[in-house]
Amino acid sequence: MASKSGIRPAGSDGSDHWHRESIAWQYKISSQNKGRLKLDIFVHMLLGMLMLVRLSPGIVSLLGINVQALRRWDLPHPRPWEFAWMFSLVAAVVGWRSIPQNSTFLLKQYILGTIVFGVLPVFFGFIELSDDMYAYIINRKYTFVMFGMPAIVLWILFLAICAQLHGLALYFSVVLLKAWRPRGDKLKLR
C-alpha cells in the first residue's frame, strides 16, 4: 500500500493512477449542479419575496381591501407580466423538491414551469418596457418613481437578473437530467 515516507514499488512512478477507483462522473456532476441549482432557486425565492412586496398594494386592491399604509408607498400599478412571473415560484418549489430525490419527473416539471412562468413573462416584460427604456436612455424621461429611482431602471434590472437566473436554472436542470438518466441495459430489462 502507499505510504508518504515509504519506498515506492519498483517500476511505479505514480503515473499508473488511471486504473484506481474514482467517483463516477455522473455522481460528481450531480453533486456539483445540485448545489448550484439550490442556490439559484434560493435567489429566485428571494426575488419572489421582493416582488411580493412590490405587488402587495395591487393584490390588496384586487381583493377590495383598503390598507392606508400600502397606499403611502405610491408604487405604480402592477403589470400583468409581474403577476405571471409570481407563478414561477410554484415551479421553483417543485424544482427544490426534485433535488433530494433525484426525481426526473419533478425536474422536468420545473423546467416546463420555468419556461412558461419564468422565461416568457420576463421576455414579455422586456418587450413591454422597451419603449419606456428607449425614452429613458435617449431623453431621460420616465413616468414612475419607485424608492427614489426611476421605475424603468428598477424593472429592467429586475428583468435582467431574472433572465440570468432562469437561464442558469435551465442549464443546471438539463445537466442534472443527463446525469440522472439511467445507464446501461440492466435498467432496460427491469
Side-chain angles (χ1 to χ4, degrees), residues 29-59 62 73-100 102-181:
I29 296 294
S30 176
S31 175
Q32 290 172 348
N33 286 298
K34 276 183 178 184
R36 293 172 182 165
L37 185 61
K38 274 187 179 183
L39 178 65
D40 191 278
I41 291 173
F42 178 73
V43 173
H44 186 171
M45 293 290 193
L46 289 178
L47 283 176
M49 296 296 180
L50 186 66
M51 181 61 88
L52 186 63
V53 168
R54 187 261 180 271
L55 293 178
S56 58
I59 293 170
L62 281 177
W73 287 359
D74 193 32
L75 295 174
H77 190 69
R79 299 180 182 235
W81 63 263
E82 292 175 308
F83 286 116
W85 184 84
M86 285 299 289
F87 286 108
S88 70
L89 295 176
V90 175
V93 170
V94 170
W96 189 274
R97 291 203 51 213
S98 73
I99 293 172
N102 293 357
S103 173
T104 57
F105 175 76
L106 289 178
L107 194 61
K108 288 177 185 176
Q109 298 304 311
Y110 169 67
I111 291 171
L112 181 66
T114 299
I115 291 171
V116 172
F117 296 114
V119 174
L120 289 179
V122 167
F123 179 72
F124 287 121
F126 275 125
I127 290 173
E128 184 182 354
L129 297 174
S130 63
D131 292 336
D132 292 340
M133 190 62 189
Y134 180 76
Y136 178 74
I137 290 171
I138 299 299
N139 302 325
R140 295 289 183 220
K141 286 180 152 180
Y142 52 90
T143 54
F144 297 112
V145 175
M146 285 174 44
F147 310 115
M149 291 184 66
I152 187 69
V153 173
L154 294 176
W155 275 323
I156 293 294
L157 182 64
F158 179 81
L159 287 173
I161 292 170
C162 287
Q164 192 172 23
L165 275 176
H166 294 317
L168 288 172
L170 290 174
Y171 173 75
F172 297 145
S173 299
V174 168
V175 169
L176 283 173
L177 277 178
K178 288 179 184 176
W180 294 348
R181 188 176 359 164

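The model shown is predicted, which means the values in this text are computed figures rather than measured ones.
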Can you measure from [atom1] ([X]) to [atom2] ([Y]) and round to the nearest 0.5 angstrom?
X    : Y    : atom1 : atom2 : answer
E128 : M133 : CD    : CE    : 14.5 Å
I111 : K108 : CD1   : NZ    : 8.5 Å
S30  : K178 : OG    : NZ    : 14.5 Å
L52  : M86  : CG    : CE    : 4.5 Å
K34  : N102 : NZ    : CG    : 3.5 Å
K141 : Y136 : NZ    : OH    : 14.0 Å

Checklist entry - Do W96 and H44 have ring centroids that are under 6.0 Å from one another? => result no
Would you mind reporting whether [Y] and [X] have side-chain heavy atoms less than 4.5 Å apart?
X    : Y    : value
F117 : V90  : no
L129 : W81  : yes
I41  : Y110 : yes
W85  : H166 : yes

Nearest atoms (heavy-atom pairs only) where [X] meets [Y]:
X    : Y    : answer
A179 : I29  : CB-CG2, 4.3 Å
M149 : V153 : CE-CG1, 4.2 Å
M45  : A92  : CE-CB, 3.8 Å
A84  : P121 : CB-CG, 3.9 Å
F158 : L47  : CE1-CD2, 3.8 Å
A163 : F126 : CB-CE1, 4.3 Å

Item to check | Aromatic W155 / basic R79 pairing, under 6.0 angstrom, 45° off normal | outcome: yes
Item to check | Check: D40 side chain, R36 main-chain N or O, donor-acceptor pair, under 3.5 Å | outcome: no
Checklist entry - Near Q164 CD, under 6.0 Å, is it more than 12 heavy atoms from other residues, nucleotides or ligands? => result no
Checklist entry - Of L177, L107, L176, which is the lone residue that meets side-chain contact (heavy atoms from CB on, under 4.5 Å) with S98? => result L107
Checklist entry - Only one of L37, T114, N33, L168 forms a side-chain contact (heavy atoms from CB on, under 4.5 Å) with S173, so which one is it? => result L37
